[in-house]
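Note sheet for the following structure.
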Amino acid sequence: MAVQTPNLEPKGIQGLGKAIKRKEDARFIVGKGNYLDDINLPGMLYMALVHSPYAHAKILNIDTSEALKIPGVKAVITAKDLAAAGLSWIPTLAGDKQMVLADGKVLYQHQEVAAVYAETRQAAADGAAAVQVEYEPLPVVVDPYKATAPDAPVLREDIKDQMSGAHGPRRHPNHIWTWEVGSKDETEKALAQSEVRIKQHMVYPRSHPAPLEPCGCIGDMNRATGRLTVYMTTQAPHAIRTVLSLVTKIPENNIRVISPDIGGGFGNKVPVYPGYVCAIVGSIVLGAPVKWVETRTENLTTTGFARDFHMDIEIGATKDGRVTAMKVYTLADHGAFDAAADPSKYPAGLFSICTGSYDFQKAYAQVEAVYTNKAPGGVAYRCSFRVTEASYLIERSMDVLAHELKMDPAELRLKNFIQPHQFPYPSALGWTYDSGDYEKTLKVALERIGYHELRKEQAEKRARGELMGIGISTFTEIVGAGPSKDFDILGIKMFDGAEIRVHPTGSAIVRAGTRHQGQGHETTWAQIVSEELGLDVDKIIVEEGDTDTAPYGLGTYASRSTPTAGGAMALAARRIREKAKKIAAHLLEVGENDVEWVDKKFQVKGVPGKSVTMNEVAFAAYTNPPPGLEPGLETTYYYDPPNLTFPHGAYVCVVDIDKGTGEVKVRRFVAIDDCGTIINPMIVEGQVHGGLTEGFAMAFMQEIAFDEQGNHLASNFTDYLLPTALETPKWETGHTVTPSPHHPIGAKGVGESPTVGSPAAFVNAVVDALAHLGVRHIDMPITREKVWRVLRSAGIDA
Ligand code: PCD
């Protein structure tokens, strides 16, 4: 079938707020994306990994002789070979270290034990199956609460005697760190004096980002030039290049990291995985390019999981529903290595946003991390470093408190919101919220869904014995890591860069240190530049992901791109405009002070007929620059944001529950988001749809579970469920706009808001439907079976 050429009619200047179609989609839709597995290099070898069937075992012997006999197999490496190169362990992004290939023992099921290199993908897989490993099983720790029992088996023998780690003292060989924030004494005092107190335990289960494209890497060491090119599914190419240089001692300018098109990242593609390292090592050792693309099972069982936070909260309030204090204890299950990708200063990520949208005067939170026999991770799956857990905790707890006070959950929220005049608002746990109008957003959402009528309907249905619930979540996020005073990863500060090159004929190429994975940067960055410079949006090409060309930056995750690189892009454009103004003055034959920027053109002040466009200025920059001015029209800007941005939203969900089967049907879901100035409303709507669908999946379908022997129970898509169009509810979206006062264009991040904010709305709706039966909380995922059991134990007959 002939492929139709996409419609590429010039769109003209299309700046902020324009719902233009995504520029990148033309190539994706016609199958012309360039993903990692599309790249094939001459003489390329393939790699496959050998995985452990045990969750905890000693390795007695690895026999590679049969594997090496398979036609096409070139080499097999184990930890011993890596040790010779000083690469058997690598640093994690969280201050810990992790095995690349099992070194003496395995610590989780599916852990990588050996790497096989072969001429074809099939031979590599056959080779991996032929490697014989002799194991001696050891006792397994799966439950994080049992990890630090006095008689618990020691997992990490390498550090068992080190009583302090990257984040302070350790009190047990399986204890990683304890982190606390806020005032414990004052919070406990305020709680003790509170008229009403609630306590709740809740678990945010282990989940997995499961991007449609799994992780992969091609290592390509050119022995003639000494240059290492690495193609990698990474959300942060520059950080990878720096770490690679530090670990391999190859000079950083001799390493080129290319992150091609990425089929979804979701935090899964931030860490460095053993497969990446083995592909690169293989290429260095064998002198040929080596490709590794993981299988779905490898992705689900060995790469960064998310959440696994076990939380206890206590909230104090007055009888009439004003919150007074909050105390939180959380146990974080990090698996076998602390490989969470958090900024150095925050081992529990930005969990301290857990006071949410409410004016808590006192708060205290403590998080303890422990090792268990599970895969490492703790990645920010559509989440700004543990914000999802924090939002779920507070939004679920506000409903528990409303229930205790017999108050309407909307009314309780309205009573406790931080008020518009309180911004910039210093929270009890140390953040300064930039802006927000929580009451307005909630009221828009309540109005849209018809809240009061729904409550009436619910009362009538309840009287008839039918089950219907309404759930609210009014979350506040914290995104845009971040300001260099507080944010770094492995010491690298988290500001971001943008480069703009305007060519003589008025087209431009712009580059950023971020790396989109489907978010739409090729469109939104072009819109920012179109707005600031008055250039046609179609004449602006956006390029990200190649460390040889892009300015330095820490990548795309944690909804940081708009707050960081988006700001850099606007400021780079403004710097170009300043220079362009000098050229415009020269062309208009007036002094610079007599020129103003009006309607995206330079004009002589007060003389609308006398103006020049940016196109004309661009041509002059190369053909007729003013005497004494450096020719050309290019710049790079590094933007170090003064603060994070605090997007917020109000989500309302209506569910109906089938008494016979326990099936929960999401009847309606209204999501009103506030991400400040919107660059592209269509992209934002798409982001919200995707994020809500992921939140829905976690609330109702997904869990990475283990049995007592540490067997992984969700290693494929028949056990770990992805929502299809069939299950996914119809989303009703909208927005309010409260610009960020400190961001150059007033924009806040939005990509992860719906995943952060929605799970509590779903769970609150289900619990609301069952509250009159004495139900106070149900842990996710709320499967049909769980609800069915709740109904049966409450004596409800179908
Ligand atoms: N925007 C606009 N406006 C505003 C904001 C925003 O327009 N105001 C847009 C932008 O530009 C882009 C988007 O939207 O395009 C997004 O953004 P943000 O929020 O800034 O974000 P970013 O950074 O860019 O991104 C990131 C995110 C995240 S984080 C995640 S998960 C997810 C999301 O993103 N991922 C993804 N989304 C998405 N999509 C897709 N398609 N794919 C993917 O993968 Mo993490 O941390 O990583 O976990």
Side-chain angles (χ1 to χ4, degrees), residues 15-20 22-25 28 207-213 233-236 261-271 304-307 340-342 349-350 377-388 477 479-481 496 512-528 531 542 544 553-567 569-570 644-645 647 673-695 735 737-740 743 745-756:
L16 303 182
K18 299 285 186 338
I20 58 168
R22 303 194 335 161
K23 285 153 69 79
E24 47 269 72
D25 285 349
F28 293 143
S207 67
H208 199 282
L212 282 188
E213 179 205 27
T233 52
T234 177
Q235 299 177 229
D261 283 331
I262 298 188
F266 306 109
N268 192 201
K269 291 169 180 167
V270 175
F305 72 90
R307 329 294 188 227
D342 289 318
L350 308 185
V379 298
Y381 166 25
R382 214 158 187 166
C383 160
S384 182
F385 314 113
R386 306 294 190 181
V387 169
T388 309
E477 257 216 282
V479 305
D496 234 279
T514 43
R515 205 310 160 239
H516 65 93
Q517 314 120 40
Q519 291 87 346
H521 296 176
E522 290 178 36
T523 308
T524 49
W525 293 170
Q527 284 183 264
I528 293 176
E531 171 82 29
V542 176
E544 295 183 331
L554 276 220
T556 292
Y557 41 86
S559 266
R560 67 183 295 279
S561 305
T562 303
T564 61
M569 202 54 79
L644 296 119
T645 67
D673 272 280
D674 192 323
C675 56
T677 308
I678 293 174
I679 304 166
N680 184 324
M682 184 157 49
I683 287 185
V684 167
E685 194 185 355
Q687 288 290 310
V688 174
H689 279 217
L692 291 176
T693 306
E694 291 187 307
H735 55 259
V737 177
T738 316
S740 166
H743 187 272
I745 57 168
K748 304 179 178 188
V750 75
E752 53 198 25
S753 296
T755 314
V756 168

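Counting starts at 1 for both ligands and their atoms, following the listed order. The basis for the numbers below is simple: all heavy atoms, side chains too, and nothing from hydrogens, waters or symmetry mates. Count residues from 1 along the sequence.
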Sole residue of Glu522, Gln517, Arg515, His516 in side-chain hydrogen bond (donor to acceptor under 3.5 Å, both in side chains) with Gln519: Gln517
Results of side-chain contact (heavy atoms from CB on, under 4.5 Å) for Pro739 - residues two or more places apart only: Thr677, Val737
SB check Arg382 Glu694 (cutoff 4.0 Å): yes
Residue list, salt bridge (charged side-chain N to carboxylate O under 4.0 Å, His left out) with Asp496, at least two apart or on another chain: Arg560
Residues which pass salt bridge (charged side-chain N to carboxylate O under 4.0 Å, His left out) with Arg307, listed by chain and number, not counting sequence neighbours: none
Close-range residues for ligand 1, whose non-hydrogen atoms fall below the 4.0 Å threshold: Gln235, Gly264, Gly265, Phe266, Gly267, Ala380, Tyr381, Arg382, Cys383, Gln517, Gly518, Gln519, Gly520, His521, Thr524, Trp525, Thr556, Tyr557, Ala558, Ser559, Arg560, Ser561, Thr562, Pro563, Cys675, Thr677, Ile678, Ile679, Asn680, Ile683, Val684, Gln687, Ala747, Lys748, Gly749, Val750, Gly751, Glu752
Working for side chain to side chain contact (heavy atoms under 4.5 Å, CB included), residues Phe385 and Tyr557: CA-CA 9 Å; Phe385 314 113; Tyr557 41 86; 3.9 Å; yes
